[in-house]
Amino acid sequence: MIWRMPALEGAVNLRDFGGYATIDGRVVRRGRLYRSGSLAGLTPAAQQRFGELGIRLICDLRRPDEKLEAPTPIPERLARRLEIPIDPGSAIAMRGRLGDSSLTLKERIDFMVAINRELARDHADDYARMFEALLELEEGAFLVHCSAGKDRTGFACALVLQALGVPEETVLEDYMLTNHHVGFEAWVVSLAARLDPEGRLSREELLALAGVRPEYLRAAYQAIEAEFEGVEHYIERAVGLDAAARALLQSRLLEEPRTAG
């Protein structure tokens, strides 16, 4: 059973994505890698508890308007902020039609598939910046987030886990946990209030936007396979994580499995 973050009041999709076994039998350290959506809703008590997690670097993948609307309440003296705004072209097109009730479920899913394909194809330089900062973090924990913590963040976490040697099927399992996080139902309700105040969209249509599906992450992998001949080459050539950098990352973030007794 993978250890996950206890709920922090006001958090969106916040969890530790450590604890996974790698192909070579090591384990991703817990308490070193976190992922989330917006942190703007953290209550004062939750902010204090967040500060106790030891997070020293927050990588924010949101657009400027998202940050302005939902500012992160964690002081920079506690956690350095790295801002890498990512906004795929398909996401821009989708935002223009989010409340359009004439869109079919398939069209909504197709938007999300296109977004994830573009994350891999068009934003390798952005994720390279994330890895550079992660490599510079010698002490403390790292958190990567966007607004929902599922697409931009989901692909970021997939890359980190793959770079550490976690099998692809396990990476997909972690990706799909978004649909089960504490507060997911509240997130769906809030999305419906913004996009569909008249209640014209079905729950399945809302979930296509608020949650994740296997085909979303697989679209990113398909783009990687088509243009970079697989994720290993993508990590090395597109993201710029060579063998030495990858070994350093693994030395910091992996440990031998604990034995009973």
Side-chain angles (χ1 to χ4, degrees), residues 1-5 15-36 53-57 59 61 82 84 116 119-121 123-145 149-178 212 214 216-260:
M1 183 70 179
I2 295 301
W3 180 86
R4 288 178 285 161
M5 264 297 301
R15 63 185 192 265
D16 183 329
F17 65 104
Y20 295 108
T22 63
I23 294 170
D24 67 7
R26 289 181 288 177
V27 176
V28 181
R29 293 180 186 274
R30 297 171 178 173
R32 296 293 301 275
L33 295 170
Y34 293 92
R35 56 179 293 173
S36 77
L53 296 176
I55 293 170
R56 296 293 175 261
L57 175 62
C59 181
L61 306 179
L82 173 65
I84 307 176
N116 283 272
L119 288 175
R121 188 186 64 213
H123 293 278
D125 288 347
D126 294 318
Y127 289 109
R129 287 183 59 202
M130 177 194 74
F131 273 106
E132 287 174 3
L134 182 55
L135 283 165
E136 291 171 359
L137 186 67
E138 297 183 8
E139 295 183 1
F142 166 83
L143 179 138
V144 58
H145 82 101
K150 67 184 189 72
D151 298 307
R152 291 166 289 186
T153 295
F155 183 59
C157 296
L159 287 180
V160 171
L161 291 175
Q162 292 266 195
L164 294 174
V166 175
E168 187 174 315
E169 59 270 22
T170 305
V171 173
L172 180 59
E173 289 174 10
D174 177 78
Y175 180 82
M176 293 301 295
L177 286 178
T178 281
V212 292
Y216 296 170
L217 184 59
R218 286 175 181 152
Y221 279 118
Q222 287 164 3
I224 287 172
E225 188 64 37
E227 299 197 29
F228 301 95
E229 299 180 347
V231 69
E232 295 297 315
H233 288 159
Y234 183 83
I235 289 172
E236 181 178 355
R237 299 173 187 171
V239 178
L241 205 65
D242 62 19
R246 194 167 180 177
L248 176 60
L249 198 66
Q250 291 177 352
S251 71
R252 290 177 179 168
L253 296 175
L254 298 181
E255 63 184 0
E256 295 299 324
R258 298 173 185 176
T259 57

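As the structure is a computational prediction, the values presented were derived from the model and not from experiment.
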Counting C-beta onward and ignoring hydrogens, is there a side-chain heavy-atom pair between Phe142 and Leu253 closer than 4.5 Å?
no
Partners of Ala133 by side-chain contact (heavy atoms from CB on, under 4.5 Å), sequence neighbours excluded?
Leu57, Arg80, Leu82
The criterion is ring-ring contact (aromatic ring centres under 6.0 Å, His included); which residues satisfy it with Tyr216, sequence neighbours excluded?
none
With a 4.5 Å cut-off on side-chain heavy atoms, are Leu254 and Thr22 touching?
yes
Qualifying residues under side-chain contact (heavy atoms from CB on, under 4.5 Å), relative to Arg121, sequence neighbours excluded
Arg117, Glu118, Glu227
Checking Val239 against Asp125 for the side chain to side chain contact (heavy atoms under 4.5 Å, CB included) test, could you report, in this order, the C-alpha distance in whole Å, the side-chain angles of both residues, the deciding distance, and whether it holds?
CA-CA 6 Å; Val239 178; Asp125 288 347; over 6 Å; no
Other residues, nucleotides, ligands: >12 heavy atoms within 6.0 Å of Glu138 CD:
no
Are any non-hydrogen side-chain atoms of Val212 and Leu217 less than 4.5 angstrom apart?
no
Sequence neighbours left out, what passes side chain to side chain donor-acceptor pair (under 3.5 Å) with Glu236? Give chain and number order.
none
Hey, is the main chain of Asp174 close enough, under 3.5 Å, to the side chain of Arg15 for a donor-acceptor pair?
yes
Sidechain-backbone polar pair: Arg30 side chain, Tyr20 backbone, donor-acceptor under 3.5 Å
no
Got a sec, which residues hit salt bridge (charged side-chain N to carboxylate O under 4.0 Å, His left out) with Arg56, two or more places apart in sequence or on another chain?
none
Taking the side chain from Glu225 and the backbone from Ala220, do they hold a donor-acceptor pair closer than 3.5 Å?
no
Residues in salt bridge (charged side-chain N to carboxylate O under 4.0 Å, His left out) contact with Glu255, at least two apart in sequence or another chain:
Arg29, Arg258
State, with a plain yes or no, whether a side-chain heavy atom of His145 is found less than 4.5 Å away from one of Cys59.
no
What distance separates Arg152 CZ from Cys157 SG, expressed to the nearest 0.5 Å?
13.0 Å
Taking all non-hydrogen atoms of both residues, which atom of Gly25 and which atom of Pro257 are closest, and how far apart?
O-CD, 3.3 Å
So if I apply the side-chain contact (heavy atoms from CB on, under 4.5 Å) rule between Leu33 and each of Val144, Leu164, Leu143, which one comes out positive?
Leu164
Do you know the tightest heavy-atom contact between Pro167 and Ile23?
CG-CG1, 3.9 Å
Quick check: closest heavy atoms across Ala156 and Leu61, and the distance to 0.1 Å?
CB-CD1, 4.3 Å
Please find the pair of heavy atoms, one from Ser251 and one from Leu248, that lie closest to each other, and give the distance.
OG-O, 2.7 Å
side-chain contact (heavy atoms from CB on, under 4.5 Å) partners of Glu168, counting only residues at least two apart
Gln162, Tyr221
Decide side chain to side chain contact (heavy atoms under 4.5 Å, CB included) for Arg35 and Thr178; before the verdict, give the C-alpha distance in whole Å, the side-chain angles of both, and the deciding distance to 0.1 Å.
CA-CA 10 Å; Arg35 56 179 293 173; Thr178 281; 3.8 Å; yes
Would you mind reporting whether Phe131 and Leu249 have side-chain heavy atoms less than 4.5 Å apart?
yes
Measuring from Glu132:CD to Leu134:CG, what's the distance to the nearest 0.5 Å?
11.0 Å
Report yes or no: does Asp16 contribute a side-chain atom to a donor-acceptor pair with the main-chain N or O of Gly31 at less than 3.5 Å?
yes
Within the structure provided, determine whether Thr170 and Leu161 are in side-chain contact (heavy-atom separation under 4.5 Å).
no
When rounded to the nearest 0.5 angstrom, what is the spacing between CZ in Arg32 and CD1 in Ile55?
11.5 Å
Val28 vs Val160 side-chain heavy atoms within contact, under 4.5 Å:
no
Partners meeting ring-ring contact (aromatic ring centres under 6.0 Å, His included) with Phe228 (sequence neighbours left out)
Tyr234
Residues forming a side-chain contact (heavy atoms from CB on, under 4.5 Å) with Asp126, sequence neighbours excluded
Ile84, Ile86, His123
Could you list the residues that satisfy ring-ring contact (aromatic ring centres under 6.0 Å, His included) with Tyr127, not counting sequence neighbours?
Phe155
Residue pairs passing the salt bridge (Lys or Arg N to Asp or Glu O under 4.0 Å) test with at least one member in residues 238-247, sequence neighbours excluded, are Glu232-Arg246
Identify the heavy atoms of Ala163 and Gln250 that sit nearest to each other, and give their distance.
O-NE2, 3.0 Å
Partner residues of Arg218 under the salt bridge (charged side-chain N to carboxylate O under 4.0 Å, His left out) criterion, sequence neighbours left out:
none
